[in-house]
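In what follows, a single structure is set out as structure tokens and then discussed.
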Amino acid sequence: MALMTKEQYLDSLRKLDIKVYVFGELIKNFVDHPIIRPSINSVAMTYELAQHPEYKELMTATSNLTGKKVNRFTHLHQSADDLVKKVKMLRLLGQKTGSCFQRCVGMDSFNAVYSTTYETDEKYGTNYHENFKKYLEYVQEKDLVVDGAMTDPKGDRGLSPSKQADPDLFLHVVEQREDGIVVRGAKAHQTGAINSHEHLIMPTIAMKEGDEAYAVSFAIPSDAKGIYMIYGRQSCDTRKLEEDADVDVGNKEFGGQEALVVFDNVFIPNDRIFLNGEVEFAGMLVERFAGYHRQSYGGCKVGVGDVLIGAAAVAADFNGAAKASHVKDKLIEMTHLNETLYCCGIACSAEGYKTKAGNYQIDLLLANVCKQNVTRFPYEITRLAEDIAGGLMVTMPSEKDFKHPEIGPICEKYFKGVNVVPTEHRMRILRLIENMTLGTAAVGYRTESMHGAGSPQAQRIMIARQGNLPHKKELAKKLARIDEEAIAKREAAAAQK
Ligand code: SF4
Ligand code: FE
């Protein structure tokens, strides 16, 4: 089986014995849980679109490992064109779901682990790359969802992993055995963890001597012994638990998902290990994964932005304000900001380069610029969407009031906008905007834009490292005809005094 259908994906989740806690309860049937299900539907869209002739070009690719057709979410990028297609695929999925569809973390980790294991083996003669190739062939063949897991809880940010008061604050190896390793710790903010068949673990920061136990990468099924998850709650999530919840949830069908994944002494067999103590390669893995994921945001956030811009324009239509010049201008500004993010996503892809292992890596500087813009522009797009929507978005009565035999008609009457538009339609579009700006999908569109794939300062460090300031200074000095030799002579004379 190279491509699963949406239904096969749902069935495959039902077969997993994943342990997940939601609101303090261990859930038996997570697939049909009203809070979790919309996030599963989002991942399912990555399967559904791959079956669609119209989207085949974007959603599938030919595996360099097997020559077979695979879902692009399990693909190793073979060219800059593959990188561009990835961004386009993510924009498409953002448009279809209006939320985070979670499967990208796996794709980004595959590509980072593939190239890093190659270079680790080259230096140490280890067998990690072969291990990983076999693993990825299995993932491609089964068309699995993999949670690419990087972020540790991190405890005291001023201390390295091995100096923490509690060693479990960074996931680490607690036992080296003949046949594998035993690990303990956790990964936080794990996008799509519960909807994944497997976890692919990577270190969270660059490491130094002394941190060997923390420089570890491996893959493990999500229902392996010792793993459990605690679901992250989202703003307005309990609306999904209300009887006949519909209009008030804003986006009934789709959503995102984050969780804490706990590893309580989990055994990892040797053939699933991709890094084990080679500290200097932890940094490379982090930088490459983060680079890919910062590129990803130039696709997914743009797709969700498309929906939000559209929703704001519909709200203006329903309010009767569409012709106002300031409304038109705000929609232009939102589009300009959104397309600027897309430009960044495409640019860092088009400038991609071949790694030693043969897959393609994005341009790191441009991917970091992309993500730095993502930490800002969705906030401005959100502000403008709220401006256009009007205050009713947050003062409107509930769906139950609208359905009430006595006060329902009163709500209908007083919340009417343009006469030909039913009041319920006006509610629906405002609730959708609320969902993306303040509700459950705001996790993926707003706050994740800030912190996902690394907080803003992480990109500024990379921009400083990649920006090549000395070269820029050289350019300026040459044109200004600065006499470098004269400066050097003066420096030497000053040093002698
Ligand atoms: Fe994919 Fe975007 Fe969600 Fe990250 S935030 S998993 S890139 S949809
Ligand atoms: Fe993310």
Side-chain angles (χ1 to χ4, degrees), residues 38-47 49 58-59 71-75 77 83 85-112 145-151 187-196 199-200 202 204 232 234 251 254-259 261 286 288-308 338 341-342 344-346 348-349 362 367-368 370-375 377-378 436 440-456 458-459:
S39 67
I40 295 177
N41 292 341
S42 295
V43 181
M45 187 59 91
T46 70
Y47 289 95
L49 294 186
L58 280 190
M59 297 298 305
N71 191 300
R72 190 175 292 282
F73 278 98
T74 66
H75 183 53
H77 314 298
L83 291 167
K85 285 202 176 107
K86 171 195 158 183
V87 171
K88 292 186 175 182
M89 170 177 77
L90 301 197
R91 184 171 188 171
L92 173 71
L93 277 150
Q95 292 172 344
K96 297 281 185 194
T97 61
S99 68
C100 166
F101 36 88
Q102 309 144 58
R103 205 174 169 186
C104 337
V105 279
M107 167 177 50
D108 292 343
S109 62
F110 299 150
N111 278 278
V145 177
V146 177
D147 163 35
M150 178 159 278
T151 313
K187 291 288 179 183
H189 327 296
Q190 283 316 298
T191 303
I194 290 126
N195 306 339
S196 299
H199 300 299
L200 173 50
M202 298 161 284
T204 202
Q234 299 169 340
N251 184 347
F254 301 106
Q257 170 200 108
E258 311 288 332
V261 184
V286 172
R288 290 185 178 179
F289 172 77
Y292 282 124
H293 210 51
R294 289 168 194 174
Q295 169 213 23
S296 292
Y297 281 28
C300 78
K301 302 291 182 250
V302 182
V304 179
D306 287 328
V307 179
L308 186 54
N338 205 42
L341 298 180
Y342 188 53
C344 293
I346 295 294
C348 69
S349 307
I362 44 74
N368 278 279
C370 177
K371 174 67 212 318
Q372 183 80 175
N373 283 336
V374 171
T375 65
F377 297 177
M436 283 190 280
T440 51
V443 177
Y445 189 64
R446 270 182 71 143
T447 317
E448 205 195 22
S449 287
M450 180 69 80
H451 295 294
S455 305
Q459 290 110 55

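In each ligand, atom 1 is the first atom listed, and ligand 1 is the first ligand listed.
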Where the side chain of Asn251 meets the backbone of Phe254, is there a donor-acceptor pair that is under 3.5 Å apart? yes
What atoms in ligand 1 come closer than 4.0 Å to a heavy atom of Ser296? 7 (S)
Give me the ring orientation class for His293 and Phe289: parallel if the planes are under 30° apart, tilted from 30 to 60°, perpendicular past 60°. parallel
Here the atoms of ligand 1 under 4.0 Å from any heavy atom belonging to Cys104 are 1 (Fe), 6 (S), 7 (S), 8 (S)
Look at atom NZ of Lys85 and say whether more than 12 heavy atoms of other residues, nucleotides or ligands are closer to it than 6.0 Å. yes
Do any of the N, O or S atoms of Cys300 sit under 2.8 Å from atom 2 (Fe) of ligand 1? yes
Specify whether Phe73 and Phe101 have parallel, tilted or perpendicular ring planes, treating 30° as the upper limit for parallel and 60° as the lower limit for perpendicular. perpendicular
Can you name the N/O/S atom of Glu448 that is nearest the Fe ion (ligand 2)? OE2
Specify whether an N/O/S atom of Thr191 falls short of 2.8 Å from the Fe ion (ligand 2). no
Using only heavy-atom distances, determine whether the side chains of Thr46 and Asn71 contain a donor-acceptor pair under 3.5 Å. no
Are any side-chain N or O atoms of Thr204 and backbone N or O atoms of Met150, one a donor and one an acceptor, separated by less than 3.5 Å? yes
Within less than 2.8 Å of atom 1 (Fe) of ligand 1, any N, O or S from His293? no
Under a 4.0 angstrom heavy-atom cut-off, which atoms of ligand 1 come close to Thr191? 6 (S)
Taking 4.0 angstrom as the limit and counting only heavy atoms of Cys100, give me the atoms of ligand 1 inside it, by number and element. 3 (Fe), 5 (S), 6 (S), 8 (S)
Residue part near ligand 1, for Lys301, under 4.0 Å between non-hydrogen atoms: side chain
Does Arg91 offer a backbone N or O that forms a donor-acceptor pair with the side chain of Lys301 under 3.5 Å? no
Going by the atom numbers of ligand 1, which of them fall below 4.0 Å from some non-hydrogen atom of Glu448? 5 (S)
